[in-house]
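Dropping a structure here in structure tokens format, bear with me for questions.
Since the model is a prediction, treat every value here as computed from it, not as a measurement. Note that ligands are numbered from 1 as they come in the structure, with each ligand's atoms numbered from 1 the same way.
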Amino acid sequence: MKALSRREVLVAGASTAALAACGGGVSMSGPMTGTATASSAAALPEGLPLLSLPLLTNMNASPGTFSAALRAATAQSEYVPGRMTATLAYNGASPGPTIEATEGDRVSIDFDNAIPGQPSTIHWHGLPVPADQDGNPMDPVASGARRTYEFTLPAACAGTYWYHPHAHQLTAEQVARGLAGVFIVRPRIDPLPGGIDEHVLLVTDLRVDATGTMMGWTTADMMNGREGDQLLVNGRRNPMLDAAPGATLRLRLVNATSARYVRIALDGAPMTLIGTDGGLLAAPVAINEWLLAPAERIDVIAQMPASTATPIALRLLPHDRGWMMMPGMASAPMLNQGALLTIRLQGSPKPAVKLPALLRSIAPLPAPIASKQLVLTERVGMMGGASMMSGGMMGWQFLINGRLFDPNRIDLVSNAGDVEQWELVNASSMDHPIHIHGTQFQVVEREAGGVRTRPAYLAWKDTVNVPRGTTVRLRVRQTMPGLRMFHCHILEHEDQGMMGVLRVQ
Ligand code: C2O
Ligand code: CU
Ligand code: CU
């Protein structure tokens, strides 16, 4: 096919949009049929108390083990007051229950896929687990079937991770319908002092109409990744967190949205970054704002003032990620606005907790002995997926090294134990958060417009945003043999083929 310029496709898109509108080709199978219209979004209440996510109960009393069961099934959630929304949930909860285990633990999770008519998996995003326990799309659990995931959490992996389904071409749909949960690995010895109040903030977004019905995917969603009309924290919109004046808060933020770039600032209180995807930094870093791309996590300390009558907003800031429009389609997403979370100070004051100057040591990965390049591009082609994206429409495809995902093809090969440099080159017109399974990596350089910059500090990451026109260089070492996925974590891109397979030998 002749490559069209972006502009030509904007024009060509007009007829595609008309097709989509009459054919209903973008609606999902199953309970979520219907063509999305941006106008009928529901208004969700704000200011309700922040919910604590339920904890997954450890059924094993012996020390050093964590055993539990997770069942994925249909559920009902009340997002719009008085209306029930059909969702998917783990153990009846959406977001799913939080898993809390400790470094060195043997973890065993019995997974029961009770989702009608769809395979699923559980992927342990960011955790260094063996390849055959990582819930890859090549290891589906059929509808009605079960399997057990088993792995040992290695030393020094304490951090904030998450789990979600990863079935072939069904990830975006199953995550959007409600399947995601937090996985916290506690350290054996905690470098942080006591007295810090910790909160887990799982960010999801939702698109429901005024009757509470979850709406289908538009062509714009398939190209850009779907952003809901409502940004939720632990299932609620802009919830209220009560904190003591002077309290030192630890916020573990998880971006579990399909495609939303969550850029935040904390009004009225200083923020300190203490951790990223793979756990603590070497030393705390003061920050004014942060851009949390899909699938990324941060661990931040928020120091509450001794007194204030004004609630403190974790405020949303706009971010331009290269949204692509086609005439006649759903409008551009609402700009990030308002607050993600609001903190209200009340009760008796608490003394501030002083952070240690050093949190842990992070050794730089040594010089690479091999290198790989992933070039991210886009082209016009047929769009589609297994279920929600019934296919048959022209639109933008996103590729890695010129190819779409093929579960039967090995794209890259690495030797276990080798440090490699991966160069992620974004030659497309949209930002892509790139994720590598199986290990944590270190970003060493970014290059844009001929200017190279090095990060000011080392951090363990499993997902890195690669802005359009930018090259990111990172060092990575896989340690366990097997097949590993690498992909864009805009889940609609991943499902439509912006993914590859790395064989570690
Ligand atoms: Cu969180 Cu392969 O993904
Ligand atoms: Cu992952
Ligand atoms: Cu992408």
State whether His123 contributes an N/O/S atom found under 2.8 Å from the Cu ion (ligand 2).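 Of the N, O and S atoms in His123, at least one lies under 2.8 Å from the Cu ion (ligand 2), which means yes.
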
Which single N/O/S atom of His435 lies at minimum distance from the Cu ion (ligand 2)?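 Distance check against the Cu ion (ligand 2) picks out NE2 in His435.
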
Please determine whether a side-chain nitrogen of the Lys or Arg among Glu445 and Arg452 lies less than 4.0 Å from a carboxylate oxygen of the Asp or Glu.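 Looking at Arg452 together with Glu445, the answer is yes, because their closest N to O distance falls below 4.0 Å.
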
Which N, O or S atom name in His164 marks its closest approach to atom 1 (Cu) of ligand 1?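 Restricting His164 to its N, O and S atoms, the minimum distance to atom 1 (Cu) of ligand 1 goes to NE2.
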
Within the supplied structure, the quantity of interest is the number of heavy atoms (other residues, nucleotides, ligands) at a distance under 6.0 Å from Arg146 CZ; does it exceed 12?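 Open.
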
Judged by modelled atom types alone, do Gln169 and Gln496 share a side-chain donor-acceptor pair under 3.5 Å?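 Side-chain D/A pair, Gln169 to Gln496: absent.
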
Under the salt bridge (Lys or Arg N to Asp or Glu O under 4.0 Å) rule, what do Arg207 and Asp221 come out as? Steps first, then yes or no, please. CA-CA 11 Å; Arg207 189 183 301 151; Asp221 292 341; 2.8 Å; yes

His487 and its ring-ring contact (aromatic ring centres under 6.0 Å, His included) partner, picked from His437, His123, His493: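 When ring-ring contact (aromatic ring centres under 6.0 Å, His included) is applied between His487 and each of His437, His123, His493, only His437 qualifies.
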
Which class fits the ring pair Trp124 and Tyr163: parallel under 30°, tilted 30 to 60°, perpendicular over 60°?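 Geometry flag for Tyr163 against Trp124: tilted rings.
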
According to side chain to side chain donor-acceptor pair (under 3.5 Å), who are the partners of Thr102, at least two apart in sequence or on a separate chain?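 Listed in chain order: nothing, the list is empty.
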
Could you report the tightest heavy-atom contact between Ala167 and Pro119, atom names first, then the distance?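 That closest heavy-atom pairing would be CB-O, 3.6 Å.
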
For atom 2 (Cu) of ligand 1, which protein N/O/S atoms fall under 2.8 Å? Skip waters.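 Those protein N, O or S atoms (cut-off: under 2.8 Å from atom 2 (Cu) of ligand 1) are His166 NE2, His437 NE2, His487 NE2.
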
Are any N, O or S atoms from His489 nearer to the Cu ion (ligand 2) than 2.8 Å?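 So His489 does not bind the Cu ion (ligand 2) by this criterion.
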
